[in-house]
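Working notes, beginning with the structure itself.
These figures come from a predicted structure and were not determined experimentally.
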Amino acid sequence: MNIEKMFTTIDIHVTGEAFRMIVHSSLALNKDSVELITLSKSTFTPEKELLLNEPRGHRGINGCMVTPSKIADFGLLFVNQENDSSFRYSGLVASVTALLETGNLTVKENNLYTIETIHGLQTVYATYENQEVGTVCLQSDECQVIKKTEDYRVVEVDRLRRYFLFDLPNSIASIQMENLASIMKWGRQTTEEMSHRNCLFDGIILMEPVTEDEVKSVTFEKDGNLLRSPGMDSTFAIFTVLRNGASHVTKFTNQSIFDSKLTAQAINGTNEKYSIETQGFVTGEHQFIYDQDDPLKNGFLLK
């Protein structure tokens, strides 16, 4: 075995969404700010594929790397799959949880931690007791419905990321695991159709109302992959649609097909801004080896 590089990661999940946080690697960033770091398609491609692809990872793994920051407690760089979002709120929860529980982030009395990202400075509130992070609370930026059609609504989250929201079609009985095959088929067809129309989107959301203040949903990413959680962006987007329809709901729960939940609260006096309180759970620490002689050294993805 020809060991050229070794990587150490901490794996965390947030309501089912998996993150692989790179804490030690041979990647030479040598920058003081994440704003100065640009990962092109060719930059660090072997390393990213090694850590995120099968057999070491899978399509649902999200990569993130902690970087130094002059303006925050730390910087966070997302190194996700091809064509995936470069920012995820769940990554803030995952990184703060992992850093605090491994002693790599100094505990603050006010429980407020700042994180520098490519979308600016983010602040989270994290409780910490008995060497464990209890809950992490964060807030969205402004969200708005920008288009309505007979088939779907389009919502911009943080005025940056765009989601298409569809009601459950007659071809799908309900958002339940026993209907997963038909749900996946619908998701693949819809993402392909919207892509062929040259529509720009970060996700396609299929939703089914449960009560006035609860919805069950699934989110498909740009390549048709199913998001493994209710999704924070999805929760903000659905909440915006509900409130745009003259609903006076101030607290809303979004449930995934896997029965994990996220509950958002409308922030009074704001233009469709929301807060979410949730938890991250460390699932393991891993070491990965880059072996030039391995015929699958860069891994693969099943689609």
Compare every heavy atom of [Y] with every heavy atom of [X], then report the nearest pair and how far apart it is.
{"X": "Thr235", "Y": "Ala264", "result": "CG2-CB, 3.9 Å"}
{"X": "Ser182", "Y": "Ile172", "result": "O-CD1, 4.0 Å"}
{"X": "Ile257", "Y": "Gln176", "result": "CD1-O, 3.5 Å"}
{"X": "Leu160", "Y": "Asp202", "result": "O-OD2, 4.3 Å"}
{"X": "Ser260", "Y": "Thr15", "result": "OG-O, 3.2 Å"}
{"X": "Ser217", "Y": "Pro230", "result": "OG-O, 4.3 Å"}

Could you please spell out the steps behind the side chain to side chain contact (heavy atoms under 4.5 Å, CB included) verdict for Leu100 and Val107? CA-CA 7 Å; Leu100 283 173; Val107 177; 4.1 Å; yes
Under the ring pair (Phe, Tyr, Trp, His ring centres under 6.0 Å) test, residues paired with Tyr89 that sit two or more places apart: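 For Tyr89 the ring pair (Phe, Tyr, Trp, His ring centres under 6.0 Å) partners, ignoring immediate neighbours, are Phe87, Phe236.
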Consider only side-chain heavy atoms of I, L, V, M, F, W and Y, link residues closer than 4.5 Å, and tell whether [X] and [Y] are in one cluster.
{"X": "Phe288", "Y": "Met65", "result": "yes"}
{"X": "Val215", "Y": "Tyr163", "result": "yes"}
{"X": "Leu168", "Y": "Leu180", "result": "yes"}
{"X": "Val145", "Y": "Ile205", "result": "yes"}
{"X": "Phe281", "Y": "Val133", "result": "no"}

Got a sec, which residues hit salt bridge (Lys or Arg N to Asp or Glu O under 4.0 Å) with [X], two or more places apart in sequence or on another chain?
{"X": "Glu156", "answer": "Arg162"}
{"X": "Glu214", "answer": "Lys261"}
{"X": "Arg153", "answer": "Asp167"}

Just wondering, do [Y] and [X] contact through their side chains at under 4.5 Å, heavy atoms?
{"X": "Leu112", "Y": "Lys108", "answer": "no"}
{"X": "Ile22", "Y": "Val79", "answer": "yes"}
{"X": "Val249", "Y": "Leu242", "answer": "no"}
{"X": "Met21", "Y": "Leu99", "answer": "yes"}
{"X": "Met194", "Y": "Ile204", "answer": "yes"}
{"X": "Asp223", "Y": "Arg59", "answer": "yes"}
{"X": "Phe220", "Y": "Ile183", "answer": "yes"}
{"X": "Leu227", "Y": "Glu17", "answer": "yes"}

Rounded to the nearest 0.5 Å, what separates atom [atom1] in [X] from atom [atom2] in [Y]?
{"X": "Ile61", "Y": "Arg228", "atom1": "CD1", "atom2": "CZ", "answer": "8.5 Å"}
{"X": "Ile10", "Y": "Cys64", "atom1": "CD1", "atom2": "SG", "answer": "9.5 Å"}
{"X": "Phe258", "Y": "Leu226", "atom1": "CZ", "atom2": "CG", "answer": "5.0 Å"}
{"X": "Leu50", "Y": "Lys48", "atom1": "CG", "atom2": "NZ", "answer": "13.0 Å"}
{"X": "Tyr274", "Y": "Cys143", "atom1": "OH", "atom2": "SG", "answer": "5.5 Å"}
{"X": "Ile238", "Y": "Asp233", "atom1": "CD1", "atom2": "CG", "answer": "11.0 Å"}

What side chain to side chain donor-acceptor pair (under 3.5 Å) pairs are there with at least one residue in residues 129-144, not counting sequence neighbours?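 Listed by first then second residue: Asp141-Arg159.
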Between [X] and [Y], a side-chain donor and acceptor under 3.5 Å:
{"X": "Glu49", "Y": "Asn53", "value": "no"}
{"X": "Asn104", "Y": "Thr102", "value": "yes"}
{"X": "Thr253", "Y": "Thr263", "value": "yes"}

Begin from the C-alpha positions of His13 and Asn62 and carry the test side chain to side chain contact (heavy atoms under 4.5 Å, CB included) through to its verdict. CA-CA 10 Å; His13 87 84; Asn62 303 287; over 6 Å; no
Keeping to residues at least two apart or across chains, list the ring-ring contact (aromatic ring centres under 6.0 Å, His included) pairs with something in residues 127-160.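 As it turns out, the ring-ring contact (aromatic ring centres under 6.0 Å, His included) pairs with a partner in residues 127-160, which skip direct neighbours, are Tyr152-Phe164, Tyr152-Phe166.
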Taking [X] for the side chain and [Y] for the main chain, is one N or O donor matched with an acceptor at less than 3.5 Å?
{"X": "Thr191", "Y": "Arg188", "answer": "yes"}
{"X": "Asn254", "Y": "Leu262", "answer": "no"}
{"X": "Asp213", "Y": "Phe252", "answer": "no"}
{"X": "Arg20", "Y": "Leu51", "answer": "yes"}
{"X": "His58", "Y": "Glu54", "answer": "no"}
{"X": "Glu116", "Y": "Ser69", "answer": "no"}
{"X": "Asp73", "Y": "Thr114", "answer": "yes"}

Taking atom CG of Asn268 as the centre, report whether more than 12 heavy atoms of other residues, nucleotides or ligands fall under 6.0 Å from it.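 Atom CG in Asn268 is not packed in, count stays at 12 or less.
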Neighbour count above 12 (heavy atom, 6.0 Å) for Asn170 CG: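 No, the 6.0 Å shell around CG holds no more than 12 heavy atoms from other groups.
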Run through Leu138, Val66, Leu76 and flag the one making a side chain to side chain contact (heavy atoms under 4.5 Å, CB included) with Ile115.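 Only one option passes, and that is Leu76.
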For the residue pair Phe19 and Phe78, categorise the inter-ring angle as parallel (less than 30°), tilted (30 to 60°) or perpendicular (more than 60°).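 Ring orientation of Phe19 relative to Phe78: perpendicular.
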Are Val14 and Arg88 close enough, and set up right, to give a side chain to side chain contact (heavy atoms under 4.5 Å, CB included), and what steps lead you there? CA-CA 11 Å; Val14 181; Arg88 290 178 182 265; over 6 Å; no
Check this for me, if you would: do Asp294 and Arg56 make a salt bridge, where the nitrogen-to-carboxylate-oxygen distance has to be below 4.0 angstrom?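 Between Arg56 and Asp294 there is a salt bridge, with a charged N closer than 4.0 Å to a carboxylate O.
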